[in-house]
Amino acid sequence: MGTVASRVAAEVERGAARLERAGIENPRRESSLIWAALRGDVPGKAWLRRNDPVDPVAAKRFEKAIARRATGEPIQYVVGTVGFRTLELEIDSRALIPRPETEGLVSLVLEWMGERRGSASWGTAADVGTGSGCVALSLAVEGAFDRVIAIDASPAALALAKRNRAAIAPRVPVEFRVGSLLAPLEADSVDAIVSNPPYLTEAEHTRLETDVRDYEPREALVAGPTGLEHTRGLLEGAGRVLRPGGLLAIELDSTRSEITCLAAEYTGWRARVERDLFGRPRFLVATRS
């Protein structure tokens, strides 16, 4: 897929043809996105530079990326980057690919804290299940927190999140702790707990699209037999570590939003469910009642 005399347009077309044969939707768009990402360009530049010659090293790298995408591997893992709110993050199979819905979780936290704390210090936030660090780093960059603690049970995911912290260099400290749920936090130590926990059952995981089921980390998706195991752990443990007047914000499976809200109220929270940008009941916002 490429010689010294090859041109950008020819490479992108060959890539698109291979993706089309593999059954990938929008193959030309994806081929252009992969080419641009590997070259550090926006997709439009691939078109503007379509008659530029391509050296063999770039062609080989592109060929390998197209081959990976043709197997069904998510394009974000193939190109190694993903956008999240204001950030450009490194991403690979060590962590879940950040979704637009989770951007809404960050918005809710920023709005809630801003309305109640204004321009004063917001204290400490904890991102439980940080993965790539997308939520923790967004809170550090966009919020008025003095410190953000990012927790994950996976040392590999934390290693990726640390790389993103180094690249973004947020103005406030972002500390990483390995551990399950809230275990790494001391009593009365944080002002906001934010989490996008696993919330699928094993059966639901088997029914996911292959690019999610076969490539994204299972431990970031599957909670247990009911899908509520991690969420219940947060509801039962957050009261210990959250300071008075603090916020607990959790991303939910929309099909379990009602039962989760009831569970929150049963365990002593004043809770409500907010909808995501697609209108689905997606986020639990809770304070101590």
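If you're wondering where the values come from, they're calculated on a predicted model, not measured in any experiment. Values below: all heavy atoms of this structure, side chains included; hydrogens, waters and symmetry mates excluded.
- When atom types are taken as modelled, the side chain of Arg243 and the backbone of Asp188 share a donor-acceptor pair closer than 3.5 angstrom.
- Looking at Phe84 and Thr102, their side chains come closer than 4.5 Å, going by heavy atoms from C-beta outward.
- Contact of the Glu103 side chain with the Ser107 side chain is not registered, since no non-hydrogen atoms from C-beta on lie closer than 4.5 Å.
- Counting Ile, Leu, Val, Met, Phe, Trp and Tyr side chains that sit under 4.5 Å apart, directly or through other members, Phe278 shares a hydrophobic cluster with Leu277.
- In the hydrophobic cluster analysis, where Ile, Leu, Val, Met, Phe, Trp and Tyr join through side-chain heavy atoms closer than 4.5 angstrom, Leu160 is grouped together with Leu87.
- Remark: Leu89 CG to Arg163 CZ distance equals 12.5 Å, nearest 0.5 Å.
- Taking a cutoff of 4.0 Å between a charged side-chain nitrogen and a carboxylate oxygen, Glu101 and Arg280 qualify as a salt bridge.
- Within the 4.5 Å cutoff, side-chain heavy atoms of Ser6 are placed close to those of Arg14.
- By the 4.5 Å heavy-atom criterion applied to side chains, Val174 and Ile168 are not counted as neighbours.
- Hydrophobic clustering places Ile91 together with Leu137 (ILVMFWY residues linked when any side-chain heavy atoms are closer than 4.5 Å, directly or through intermediates).
- Counting heavy atoms of neighbouring residues, nucleotides and ligands inside a 6.0 Å radius, atom CD of Glu175 exceeds 12 of them.
- Distance alone, capped at 3.5 Å, places no donor-acceptor pair between the Glu216 side chain and the Leu96 backbone.
- Note on Val141: it clusters hydrophobically with Trp112, by side-chain heavy-atom contacts below 4.5 Å among ILVMFWY residues.
- No donor-acceptor pair under 3.5 Å is formed between the side chain of Ser138 and the backbone N or O of Val135.
- Here the CG-CD1 distance, from Leu108 to Ile250, works out to 12.5 Å after rounding to the nearest 0.5 Å.
- For the atom pair CD (Glu13) and CZ (Arg7), the distance works out to 15.5 Å, reported to the nearest 0.5 Å.
- Looking at Trp122 and Leu110, their side chains come closer than 4.5 Å, going by heavy atoms from C-beta outward.
- Here the side chains of Lys64 and Lys60 are in contact, with some heavy-atom distance below 4.5 Å.
- Partner of Val285 under the side-chain contact (heavy atoms from CB on, under 4.5 Å) criterion, chosen from Leu105, Leu247, Val273, Val109: Leu247.
- Taking CG from Leu139 and CG from Asp127, the interatomic distance works out to 7.0 Å, rounded to the nearest 0.5 Å.
- Remark: side-chain polar atoms of Arg177 are paired, donor with acceptor, to backbone N or O of Pro184 under 3.5 angstrom.
- Using a 4.5 Å cut-off on side-chain heavy atoms (C-beta onward), Ile24 and Ile75 make no contact.
- In the hydrophobic clustering of this structure, Val128 groups with Val241; members are Ile, Leu, Val, Met, Phe, Trp, Tyr whose side-chain heavy atoms approach within less than 4.5 Å, directly or through other members.
- Arg61 places a side-chain N or O within 3.5 Å of a backbone atom of Leu38 that can act as its donor or acceptor partner.
- Note on Trp269 and Val190: same hydrophobic cluster, where clusters join Ile, Leu, Val, Met, Phe, Trp and Tyr whose side-chain heavy atoms are under 4.5 Å apart, directly or indirectly.
- With hydrogens and angles disregarded, a donor-acceptor distance shorter than 3.5 Å links the side chain of Arg240 to the backbone of Leu182.
- The backbone N or O of Ser132 sits less than 3.5 Å from a side-chain atom of Asn164, completing a donor-acceptor pair.
- No side-chain heavy atom of Phe62 sits less than 4.5 Å from a side-chain heavy atom of Arg39.
- Between the side chain of Thr260 and the main chain of Arg256, a donor-acceptor pair closer than 3.5 Å is present.
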inquiry  = side chain to side chain donor-acceptor pair (under 3.5 Å) for Asp152 and Ser154? Distances and angles first, verdict last.
reply    = CA-CA 5 Å; Asp152 206 287; Ser154 167; 4.5 Å; no

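- The distance from atom CG of Leu19 to atom CZ of Arg29, rounded to the nearest 0.5 Å, is 12.5 Å.
- Using modelled atom types, one side-chain atom of Ser31 and one backbone atom of Val12 make a donor-acceptor pair closer than 3.5 Å.
- At distances below 3.5 Å, not a single donor-acceptor pair connects side-chain atoms of Asp146 with backbone N or O atoms of Thr124.
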